[in-house]
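The figures here come from the full heavy-atom set of this structure, side chains too, leaving out hydrogens, waters and symmetry mates. Everything numeric in this text was worked out from a predicted model, so none of it was measured.
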Amino acid sequence: MQKRTRKLQFSAGERKKIIARDNGKCIFCENGYFTKCGSDFLLSIKETMHFVPRSAGGLGVEQNGAIGCKYHHEMLDNGSSGRRREMLDFFEKYLRGKYPGWNREALIYKKYNF
């Protein structure tokens, strides 16, 4: 596995930190964000979401992740119903509340930094 690929994936340790911080619950569901989903199954599956996506070099670090149910994770990734910008704004506000001095640029892989 390439060094860049490893840096973009959440390690087991980083996932544990994110799960503990978010109490294992979807940050969107917990705040009542657009929960009109026809599938309890999709709401029940929890995943680790990147704020800065891997495709944009988003690092697999706790400051770049949060727990999301499959429904909200897919909505975020696919930009469903034109809600992507709104969801990213919510996600960013959430992370800024957890990490004073949070900086989006610090979450992007840069070859010369490693």
Of all residues at least two apart in sequence or in a different chain, which pass the side-chain hydrogen bond (donor to acceptor under 3.5 Å, both in side chains) check with [X]?
| X | answer |
| --- | --- |
| R96 | E92 |
| R4 | none |
| D89 | R85 |

Does any N or O in the side chain of [X] come within less than 3.5 Å of the main-chain N or O of [Y], such that one atom is a donor and the other an acceptor?
| X | Y | value |
| --- | --- | --- |
| W102 | G97 | no |
| N31 | I27 | yes |
| D22 | A66 | no |

Please determine whether the number of non-hydrogen atoms from other residues, nucleotides or ligands lying under 6.0 Å from atom OH of Y99 exceeds 12.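 More than 12 heavy atoms, drawn from other residues, nucleotides or ligands, come within 6.0 Å of this atom.
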
So OG of S39 and CD1 of I45: to nearest 0.5 Å the spacing works out to 7.5 Å

CG (N64) and CG (L95) are apart, to the nearest 0.5 Å, by 7.5 Å

Check your understanding: When hydrophobic residues are tied together by side-chain contacts of less than 4.5 Å, even through go-betweens, does I19 share a cluster with L59?
Key -> no

Within-4.5 Å side-chain heavy-atom neighbours: Q2 and K7
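Q2 vs K7: side chains apart.
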
Applying salt bridge (Lys or Arg N to Asp or Glu O under 4.0 Å), which residue pairs with at least one partner in residues 41-60 are found, sequence neighbours left out?
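Every salt bridge (Lys or Arg N to Asp or Glu O under 4.0 Å) pair that includes a residue of residues 41-60, provided the two are not neighbours, is E47-K70.
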
Residues passing the ring pair (Phe, Tyr, Trp, His ring centres under 6.0 Å) test with F28, sequence neighbours excluded, are Y33, H72, F90

Tightest non-hydrogen contact, residues H50 and F91, listed as O-CE1, 3.7 Å

Heavy atoms of C69 and C29 approach each other most closely as SG-SG, 3.8 Å

By side-chain contact (heavy atoms from CB on, under 4.5 Å), D40 pairs with (sequence neighbours left out) L43

Looking at residues at least two apart in the chain, or sitting in another chain, which of them share a side-chain contact (heavy atoms from CB on, under 4.5 Å) with A56?
->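 Checked A56 against side-chain contact (heavy atoms from CB on, under 4.5 Å); matches are V52, P53.
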
What pairs of donor and acceptor atoms, side-chain ones from residues 10-18 against any protein atom, are under 3.5 angstrom apart with sequence neighbours left out?
unit_1, atom_1, unit_2, atom_2, d
S11, OG, G13, N, 3.4
S11, OG, E14, N, 3.1
E14, OE1, E62, N, 2.6
E14, OE2, K17, NZ, 3.0
R15, NH1, T48, OG1, 3.1

Check your understanding: side chain to side chain contact (heavy atoms under 4.5 Å, CB included) between I67 and K25: does it pass, once the steps are laid out?
Key -> CA-CA 6 Å; I67 298 300; K25 298 178 180 174; 5.7 Å; no

Query raised in the report: Given F41 and Y71, is the side chain to side chain contact (heavy atoms under 4.5 Å, CB included) satisfied, shown in steps?
Result: CA-CA 9 Å; F41 179 69; Y71 171 69; over 6 Å; no

Within 45 degrees of the axis of the six-membered ring of F51 and under 6.0 Å from its centre: does R104 put its NZ or CZ there? no

*asked:* Run L107 and V61 through side chain to side chain contact (heavy atoms under 4.5 Å, CB included) and show every step you take.
replied: CA-CA 8 Å; L107 305 174; V61 295; 4.0 Å; yes

Sorted by chain and residue number, the salt bridge (charged side-chain N to carboxylate O under 4.0 Å, His left out) partners of E30 (sequence neighbours excluded) come out as none

